Amino acid sequence: MLHLFNTLTGKREPFEPLNPPMVGMYVCGVTVYDYCHVGHARNALVFDVLRRYLEYSGYTVRFVKNFTDVDDKIIARAREQGVPCEAITSRFIEAYYEDMDRLGIRRATEEPKATEHIEDIIRLTEVLIDKGLAYVVDGDVYFNVATYPPYGRLSKRRLEDLQAGARVEVDERKRHPMDFALWKHSKPGEPSWLSPWGPGRPGWHIECSAMSIKHLGETFDIHGGGMDLIFPHHENEIAQSCGATGKEFARFWVHNGFVQVNQEKMSKSLGNFFTIREIFAKSEWPEPVTGEVLRYFLLSTQYRGPVDFSDQALKEAKNALNGFYDLFERLKEPNDTATQGDGDINGVIERARMSFVRAMDDDLNTPMAIAALQGLRGEINKLLASGLSNQGRTQARQAFRTMGKVLGLFQLEAWQFGASFSGLPGHHAAHEREGGASGPTRLSDDEIERLVKERGEARQRKDFKKADEIRRKLSSLGIIIEDKPDGTSRWKR
RNA sequence: GGCGCCGUACCCAAGUGGUAAGGGAGCAGUCUGCAAAACUGCGAUGCGGCGGUUCGAACCCGCCCGGCGCCUCCA
């Protein structure tokens, strides 16, 4: 059974959905005013994997992930560029999909936008006012934290502590410094909707309450997001939602850790971030390979811990993945002579599956799950050496495909090796090698085939000088040749 | 000031009371015309430091050192 670390209780708890086999999961999506960086990728990936694993475990997941498409930063960006907000949001939503598609992040079942739920937001705000939990000042509506005693239970903070450390200038009109806006009156030129309190727009936190309740009901199973959302965003969501409904809101709160660069949080203000598209643009690996390398890299750390992003880390992920695809390549080659019992392939696969499930059940321990797959790789390699039938080969490949699917790995048909990776884009000057006159020249498959064939003929003539010359030439272009026992060769990039 | 996280081999990373998984890199061997891949072997008497609890601690407690995060928009 799946156990998840629940931020609300601070403990690892057995996960049981409210209405099995349905699981309702809401994850805070991005504010669409800029390109996504690796931190966003990790967040999206963690919940993509959680969703996949829940499905693997037999649940039906209703997965809601929002777009925040009305917000101060969007307004500022639109103003900078002299375009309407919609121009900004539609552009970055499109970019978001491009990036996430390349990472193999599946679409959520619902992807609501804040601007499409203004009615729901207004209704929820009215309820809070009616219940005396919110108040109106000059066209703004604030949530009154003092009227909600459990405030702070998610982030384990006390209101007094918050006051003590508040670095923000206190708005005189607020009754309590920690009161937060549910509705903001709009200034001229800002996006605005009619409301009982005059023209305005929603505050940030209320949209997630409104949308999650609308799509998943007042109480649902899992609410996720980055660690940095615990306070104040999720704390406020709980206050609003529980305040309005009088019921439990999300039952499990799941938060992913940060992507770091040199031990520091990757963030805009530090300028140490890499956008997803930069990485793809700079990578010399084929796009699907780069996507899988990023996934493998991000999943090689448990989701709650920090993960340090670096050029070297990506290379290590690539190398580790090479071993799997190298095996898959050999599994593809038919073996018409092997007729014996395939050893204990069923047992080997079954044991790997059990380790895999045990790891994933343990708060999504993906590094351990990957270790299980590595173990299986070793076992299958051994079986392969002793002669694995075509059926056994198919069975093995299928096992990798099935478990890999949960992590979004091992789904590719072709994996091209070897192209050198020139380093991360921008940022570290040291990584920017000029790399001589030209990088690895791209040879077409036909050209490579021709050279490999030529070398094969040379080998047959025992003209090893010639054969090695060709191999060196290909090698210098990033192409590696592996000779098979039958005299033919396979090659890889 | 408040709340919290992290520190395991060259690198990445599991392990949260029973005697250090896994991967990458490296080295050696087998195989190979030579390679590559694969396989086999090697690699932390020790888990930031010092104390304590315990039959037993990387895991629990205390103190200290180093790094980071949140408390303001942030995945």
Side-chain angles (χ1 to χ4, degrees), chain A residues 7 10 12 27-31 33-34 36-47 68 71-73 76 152 155-158 160-169 178 204 224-233 235 255-260 262-269 273 296-297 300-302 304-308 310 312-313 315-324 326-327 329-330 355 359 362 365-375 377-378 380-382 384-386 417 459 462-465 467-468 471-472 475 480-485 489-492:
Chain A
T7 308
R12 207 170 288 210
V27 173
C28 291
V30 293
T31 300
Y33 74 104
D34 207 344
C36 290
H37 62 232
V38 187
H40 299 106
R42 185 182 196 197
N43 170 252
L45 179 57
V46 163
F47 291 99
T68 296
D71 164 272
D72 290 347
K73 289 190 292 291
S155 54
K156 320 277 183 267
R157 286 153 211 247
R158 294 174 309 167
E160 307 87 79
D161 298 339
L162 289 167
Q163 268 176 279
R167 283 186 268 157
V168 217
E169 227 177 279
M178 293 315 294
W204 175 34
M227 291 269 181
D228 48 2
L229 296 185
I230 294 172
F231 192 90
H233 185 53
E235 195 68 62
H255 294 98
N256 65 279
F258 300 126
V259 175
Q260 309 186 141
N262 299 324
Q263 328 294 337
E264 284 180 320
K265 179 184 175 185
M266 181 181 288
S267 74
K268 297 263 166 147
S269 50
F273 62 94
Y296 189 99
F297 156 67
S300 61
T301 302
Q302 206 267 350
R304 287 192 291 119
V307 56
D308 218 72
S310 70
Q312 191 196 333
K315 279 183 181 149
E316 286 182 3
K318 173 66 163 55
N319 286 341
L321 239 14
N322 283 349
F324 284 103
D326 237 335
L327 167 61
E329 206 57 40
R330 275 173 286 126
S355 306
D362 183 16
N365 194 333
T366 51
M368 218 181 193
I370 286 173
L373 292 165
Q374 290 283 8
R377 179 173 75 96
I380 298 296
N381 265 324
K382 274 180 243 177
L384 204 50
S386 64
F417 300 160
R459 286 180 71 218
K462 303 252 185 265
D463 183 357
F464 296 122
K465 188 162 173 276
D468 289 348
R471 186 170 60 199
R472 260 199 306 280
S475 168
I480 294 165
I481 290 181
E482 294 178 14
D483 296 331
K484 296 192 272 182
S489 310
R490 68 171 87 86
W491 58 271
K492 60 192 182 185

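These numbers were taken from a predicted model, which means no experiment stands behind them.
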Seminar exercise, completed: Of A/Arg471, A/Arg472, A/Lys465, the one forming a salt bridge (Lys or Arg N to Asp or Glu O under 4.0 Å) with A/Asp468 is A/Arg471
Problem set entry | Student check: side-chain heavy atoms of A/Ser300 and A/Glu316 closer than 4.5 Å | no
Problem set entry | Under 4.0 angstrom between A/Lys265 side-chain N/O and B/A75 OP1 or OP2 | no
Exercise. With side chains defined as the heavy atoms from C-beta onward, is the minimum distance between A/Arg377 and A/Leu373 less than 4.5 Å?
Worked result: no
For this session: Kindly say if A/Arg459 contacts the phosphate of B/A35, meaning a side-chain N or O under 4.0 Å from OP1 or OP2.
Result: no
Exercise. Using a cut-off of 4.0 Å on non-hydrogen atoms, how would the nucleic acid contact of A/Gly225 be classed: base, sugar-phosphate, or nothing?
Worked result: sugar-phosphate
Exercise. Side chain of A/Lys382: nearest nucleotide among B/U72, B/C68, B/C39?
Worked result: B/C39
Exercise. For RNA chain B, whose closest nucleotide is more 5', that of A/Gln312 or that of A/Ile481?
Worked result: A/Gln312
Problem set entry | From B/A36, B/A75, B/C3, nucleotide with atom closest to A/Lys156 side chain | B/C3
Exercise. Which whole number of Å gives the distance between the P atom of B/C47 and that of B/A58?
Worked result: 7 Å
For this session: Indicate the atoms forming the closest heavy-atom contact of A/Ala313 with A/Phe297, along with that distance.
Result: CB-CE1, 3.5 Å
For this session: Tell me whether the OP1 or OP2 atom of B/A13 has a side-chain N or O from A/Asn365 closer than 4.0 Å.
Result: no
Exercise. Hey, does A/Gly224 reach any base, or is it just sugar-phosphate, or nothing, if we go heavy atoms under 4.0 Å?
Worked result: nothing
Exercise. A/Gln302 CD to B/U8 P: how many Å, rounded?
Worked result: 16 Å
Seminar exercise, completed: Stem ranges of RNA chain B by first residue number, counting only runs of at least 3 Watson-Crick or G-U pairs under 3.5 Å, come to B:1-7 with B:65-71, B:10-12 with B:22-24, B:26-30 with B:38-42, B:48-52 with B:60-64
Problem set entry | Sugar-phosphate only, base, or nothing, as touched by A/Met227 at under 4.0 Å among non-hydrogen atoms | nothing
Problem set entry | Atom-to-atom span, CZ of A/Arg304 to P of B/U16 - whole angstrom | 12 Å
Exercise. Rounding to the closest angstrom, what is the interatomic distance between B/U30 and B/A35 at atom P?
Worked result: 11 Å
Exercise. Can you check whether A/Val259 reaches A/His37 side chain to side chain, under 4.5 Å on heavy atoms?
Worked result: no
Problem set entry | A/Arg42 (side chain) donor-acceptor with A/Gly257 (main chain) under 3.5 angstrom | yes
Exercise. At under 4.0 Å between heavy atoms, what does A/Val259 touch on the DNA or RNA strands: base, sugar-phosphate, or nothing?
Worked result: base
Seminar exercise, completed: Regarding the side chain of A/Arg330, the nearest nucleotide among B/G23, B/A14, B/A38 is B/A38
Exercise. Quick one: is B/C12 close enough that its OP1 or OP2 comes under 4.0 Å of any side-chain N or O from A/Ser300?
Worked result: no
Exercise. Between A/Arg330 and A/Asn381, is any pair of side-chain heavy atoms under 4.5 Å apart?
Worked result: yes
For this session: Determine whether A/Gln302 and A/Met368 make a side-chain contact, defined as any pair of heavy atoms from C-beta on separated by less than 4.5 Å.
Result: no
For this session: Could you tell me whether A/Arg157 contacts a base, only the sugar-phosphate backbone, or nothing, with contacts defined as non-hydrogen atoms closer than 4.0 Å?
Result: base
Exercise. Expressed in angstrom and rounded to an integer, what is the separation of A/Asp326 atom CG from B/A35 atom C1'?
Worked result: 14 Å
For this session: Using a 4.0 Å heavy-atom cut-off across all strands, classify A/Asp468 as base, sugar-phosphate, or nothing.
Result: base
Exercise. Touch check for A/His233, heavy atoms < 4.0 angstrom, all strands: base, sugar-phosphate only, or nothing?
Worked result: nothing
Exercise. Are OP1 or OP2 of B/C39 and a side-chain N or O of A/Asn381 less than 4.0 angstrom apart?
Worked result: yes
For this session: Examine the base of B/C73 for any acceptor or donor lying under 3.5 Å from a partner atom in the side chain of A/Asp71, and report the outcome as yes or no.
Result: no
Problem set entry | No-H, no-angle donor-acceptor pair, A/Arg158 side chain to B/G2 base, under 3.5 Å | no
Exercise. Hey, does the side-chain of A/Arg471 have a donor or acceptor N/O within less than 3.5 Å of a partner on the base of B/A35?
Worked result: yes
For this session: Nearest-nucleotide wise, let me know which of A/Gln260 and A/Pro306 is further upstream toward the 5' end of RNA chain B.
Result: A/Pro306
Problem set entry | Nucleotide B/A14, atom P - distance to CZ of A/Arg12 in whole Å | 11 Å
Exercise. Just checking A/Ser155: base, sugar-phosphate only, or nothing, at a heavy-atom cut-off of under 4.0 Å?
Worked result: sugar-phosphate
For this session: Would you indicate what A/Glu329 reaches in the nucleic acid, counting non-hydrogen atoms under 4.0 angstrom: base, sugar-phosphate, or nothing?
Result: nothing
For this session: Rounded off to whole Å, could you give me the CD-to-P distance for the A/Glu316 and B/A9 pair?
Result: 14 Å
Problem set entry | Interatomic distance, A/Met368 CE vs B/C12 C1' [rounded to whole Å] | 16 Å
Exercise. Reckon A/Phe464 touches a base, only the sugar-phosphate, or nothing at all at heavy-atom distances under 4.0 Å?
Worked result: base
Seminar exercise, completed: Closest to the side chain of A/Asn319, out of B/G22, B/C73, B/G24, is B/G24
Exercise. Heavy atoms under 4.0 Å, any strand shown: does A/Ala313 hit a base, just sugar-phosphate, or nothing?
Worked result: nothing
Exercise. So which nucleotide from B/A38, B/A14, B/G15 ends up closest to the side chain of A/Asp362?
Worked result: B/G15
Exercise. Contact class for A/Leu229 vs. all strands (heavy atom < 4.0 Å): base, sugar-phosphate, or nothing?
Worked result: sugar-phosphate
For this session: Remember a base hit wins even if backbone is also touched, and classify A/Phe258 as base, sugar-phosphate or nothing at under 4.0 Å, heavy atoms.
Result: base
For this session: Figure out the OH/C1' separation between A/Tyr296 and B/G22, and round it to whole Å.
Result: 8 Å
Exercise. Between A/Asp326 and A/Lys492, is there a salt bridge with N-O shorter than 4.0 Å?
Worked result: yes
Exercise. Would you say A/Met266 and A/Phe258 make side-chain contact, with heavy atoms under 4.5 Å?
Worked result: no
Exercise. A/Ile230 CD1 to B/C5 P: how many Å, rounded?
Worked result: 10 Å
